[in-house]
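Any value given below was found using the heavy atoms of this structure, including those in side chains, with hydrogens, waters and symmetry copies removed. Here is the naming used below: chain letters follow the sequence lines, and residue numbers restart at 1 for every chain.
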Amino acid sequence: MAKEMDKIVALCKRRGFIFQSSEIYGGLNGFWDYGPLGVELKRNVKEAWWKDMITRHDELSTPKGAPSSFSMTGLDCSIIMHPQVWKCSGHDDLFHDFMVDCKECKSRFRVDHVTVAVRRTTTDKTPVACETFIVDAETGTGLSKTQSKRLDQAVGQYKKERGDDVECEQVTMSLDSYLKEAPLGGPAARCPSCRGELTPPREFNLMFKTTVGALAGEEGTAFLRPETAQGIFVNFKNVVDSSRVKVPFGIAQVGKSFRNEITPRNYTFRSREFEQMEMEFFCHPDESRKWYEYWRDRRYQWYVKYGLASDRLQLRDHDPDELSHYSVGTADVEYAYPFLSEGEFGELEGIAHRGDFDLRSHMEGKLVRDEEGCLVVQQDEHGQPKYRGSGKDLRYFDDQSRERFVPHVIEPAAGADRATLAFICEAYHEDEQPDEKGEMQSRVYMKFHPQLAPIKVAVFPLIKKDGMPETAAGLYRDLKQAGIACTFDQQAAIGRRYRRQDEIGTPWCVTIDGQTAEDNSVTLRDRDTLEQTRIPLNDVVAEITSRLNA
RNA sequence: GCGGGCGUAGCUCAGUGGUAGAGCGUUAGCUUCCCAAGCUAAAUGUCGAGGGUUCGAUCCCCUUCGCCCGCUCCA
């Protein structure tokens, strides 16, 4: 499997699908460029998505499986937005962590994930001893017996030194709070797994920071968007007010997002700069469950339609404890990429039921879930909203029912690069075909769906004489005029030219031969079956067009 | 981020303390009436980058960047 991935990566480089960014300077981890063929492939992927979402959407009919008819519209938002957007969306907290590293065993921990049991004096709260541990979410386990014993011993030692009149109590707190409370002097918190020395907390920000305005300073600090979705939410009111859409409706966006991943790996799968195809679907809360299921199934089918095989593609509903902070239901469309271990799948797209979390967050301020599971505005230590919302009314007024409500949101969020990579991996095929002497030769071909293939047709004169090149060039121009991506090749033997096209996934080759001059017919050769059919030269454009739309 | 391995032509790789080769591919010509054909010719590398040791480094040492595997982290 991993070997197959190496072949795919080599082919992508050799044929101009994907290059490493800034390769001549040694490359830059987590960034990738699309070559001449790659850009066509990725454009076709995005175009297929956009057509499915917007261009071909019929808002007068009810699509199969949908609760009702609905509207769809597009949007293209800026990459840099007001910093408050990320505070209210939750990204600022979620993507911004302080981490400590163990100098001994090199483990890394989020400061707020490490719990500290502290023994301190009851009188002046001086910390005497502490032990760290990670609370297991499933078992809820805390301090071990050994650790308790160590605490007892440390307190005993302390009492011996100070005399017996000190009373100690035990409290637990996060490492975060402990470091703030006992910055100096107190016993050092040690590594939860090996008791090694910990580094001071260091800032990790998964969002790319930049400065707005020429003057550097905290004032102008802004972030490159880590997802395209927030641009849609903050424009919700603009779209409703300007486009006459009625709930239910969706807003789609394709664009770049940026995440400063700690470990970009697996080719283009986890990149620091990537392109998303996101759609936010706004509906009445009572209907949201049905819409969630509709979009989940429809998005899965989209990948099937464009050629991902069902045994390497799966739709997986998240377990309740796996759900994001905002979600009441999420499913992933996953693909068994060849770089993953047997049985493992990687995420292509997440379809999330986000409820009213996003719109309300941008109205009221950043929300969190309280003990009863209700969304409430997160408060700071003074009882004020931690991050203030816009204060704008983002509710929707339904003229028919005379009802005013915050729509619920279904979000299918797909990775354009991940989809492109999955289509590349799925397309890669090797087989054995006889050469002109009848000996079996290995053949590599990319079995792209014709709508995704970078080039749809290659036109060849069988040999470079008898007017064949001229006839072929004429057909090439006709195809170009019709807007069909095609190429012309008269170099080398015909077999080699076919193989070249196979390797870049061109579904059809048209060859002008001796018979063309006699009866105006050409051969149309199929990439996958290698079968050739004779069709009239004048029908080629129409034939290709109809096959492309099939 | 840590540990291990690796980095030589477009690709796959060989090789040596005295500034480099093979196969495939690419390009040009001839030949060629259908699946990587034949013949002829040609191009291509600052041996990942920077520094050090040396009379001399692609080779030895250090740093750095990148890739792969594992751990960690993460949607």
Side-chain angles (χ1 to χ4, degrees), chain A residues 2-3 5-7 9-16 19-31 35 94-95 97 99-110 113 193 199 202 204 206 226-227 257 259-267 269-270 274 276 318 322-324 327 330 332 334 339 341 346-350 352 413 415 418 432-445 460-466 468 490-503 509-518 522-527 529-532 534:
Chain A
K3 256 192 177 156
M5 196 60 213
D6 291 345
K7 289 182 186 173
V9 171
L11 185 142
C12 286
K13 168 88 191 290
R14 175 158 39 92
R15 293 270 117 146
F19 307 126
Q20 202 177 9
S21 168
S22 333
E23 198 193 61
I24 61 166
Y25 288 106
L28 189 57
N29 197 0
F31 298 91
L94 197 68
F95 279 15
D97 295 324
M99 314 279 281
V100 288
D101 292 288
C102 172
K103 290 180 181 173
E104 302 294 325
C105 69
K106 310 296 183 192
S107 305
R108 170 171 294 161
F109 306 93
R110 272 177 62 169
H113 280 185
S193 65
T199 62
R202 289 184 288 183
F204 276 74
L206 269 340
E227 63 169 35
S257 291
R259 291 184 193 181
N260 215 343
E261 298 287 352
I262 296 169
T263 315
R265 206 167 274 195
N266 289 333
Y267 204 33
F269 183 76
R270 178 170 294 162
F274 57 99
Q276 292 185 298
H318 280 206
E322 201 184 351
L323 296 177
S324 309
S327 186
T330 300
D332 279 349
E334 300 180 325
F339 51 75
S341 319
E347 186 191 340
L348 268 177
E349 168 161 352
R418 288 181 173 189
E432 299 268 316
Q433 296 295 340
D435 65 14
E436 69 169 0
K437 293 188 194 107
E439 284 176 34
M440 297 307 276
Q441 299 285 343
S442 69
R443 176 175 82 121
V444 172
Y445 66 111
F460 306 144
L462 185 59
I463 54 170
K464 254 188 280 185
K465 58 183 183 187
D466 302 336
M468 291 180 205
Q490 58 176 356
Q491 277 164 6
I494 190 74
R496 184 189 303 245
R497 282 180 271 166
Y498 283 143
R499 296 300 169 88
R500 274 183 197 143
Q501 296 305 319
D502 290 342
E503 211 180 29
C509 294
V510 175
T511 303
I512 280 68
D513 57 17
Q515 201 179 322
T516 310
E518 292 165 24
V522 297
T523 63
L524 180 58
R525 180 253 196 197
D526 183 89
R527 172 195 66 202
T529 64
L530 281 73
E531 277 168 16
Q532 285 176 300
R534 274 208 99 79

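Note on A:Arg500: a side-chain N or O is less than 4.0 Å away from OP1 or OP2 of B:U26. Between A:Lys465 and B:U32 there is a side-chain N or O to OP1 or OP2 distance below 4.0 Å. Look at A:Gln515 and you won't find any side-chain N or O under 4.0 angstrom from OP1 or OP2 of B:C33. The shortest distance between the side-chain N/O atoms of A:Arg496 and the OP1/OP2 oxygens of B:G25 is below 4.0 Å. For B:A28, one of the phosphate oxygens OP1 or OP2 lies less than 4.0 angstrom from a side-chain nitrogen or oxygen of A:Gln491.
Between B:G7 and B:U12, the two C1' atoms lie 14 Å apart (nearest whole Å).
Aromatic rings from A:Tyr267 and A:Phe339 are positioned such that their centres are separated by 6.0 Å or more.
If you check distances only, the side chain of A:Arg443 never reaches the base of B:C35 with a donor-acceptor pair under 3.5 Å. No hydrogens or angles were tested; on distance alone, nothing pairs the side chain of A:Arg497 with the base of B:C35 as donor and acceptor under 3.5 Å.
Toward the 5' end of RNA chain B, the nearer of the two residues A:Ala492 and A:Tyr267, judged by each one's closest nucleotide, is A:Ala492. Two residues, A:Glu347 and A:Ile512, neighbour RNA chain B, and the one matched to the more 5' nucleotide by heavy-atom proximity is A:Ile512.
As rounded to whole Å, 13 Å separates atom C1' of B:C74 from atom NE2 of A:His318. The nearest whole Å value for the distance from the NZ atom in A:Lys13 to the P atom in B:U26 is 16 Å. Put simply, CG on A:Asn29 is 19 Å from P on B:A49, counting in whole angstrom units. Atom CG in A:Leu11 sits roughly 13 Å away from atom C1' in B:U12 (whole-Å rounding). Atom CG in A:Asp332 sits about 16 Å away from atom P in B:C74, given to the nearest Å.
Contacts of A:Gly514 with the nucleic acid, taken as non-hydrogen atoms under 4.0 Å apart, include base atoms. Residue contacts for A:Arg259: at a heavy-atom cut-off of 4.0 Å it reaches the sugar-phosphate backbone alone, with no base atom in range. Across all strands shown, A:Glu23 has no heavy atoms under 4.0 Å from either base or sugar-phosphate atoms. Across all strands shown, A:Val9 has no heavy atoms under 4.0 Å from either base or sugar-phosphate atoms.
Looking at A:Gln276 and A:Ser257, their side chains do bring a donor and an acceptor atom within 3.5 Å of each other.
For A:Met468, taking side-chain heavy atoms from C-beta onward, the closest of the listed nucleotides B:C35, B:C33, B:C69 is B:C33.
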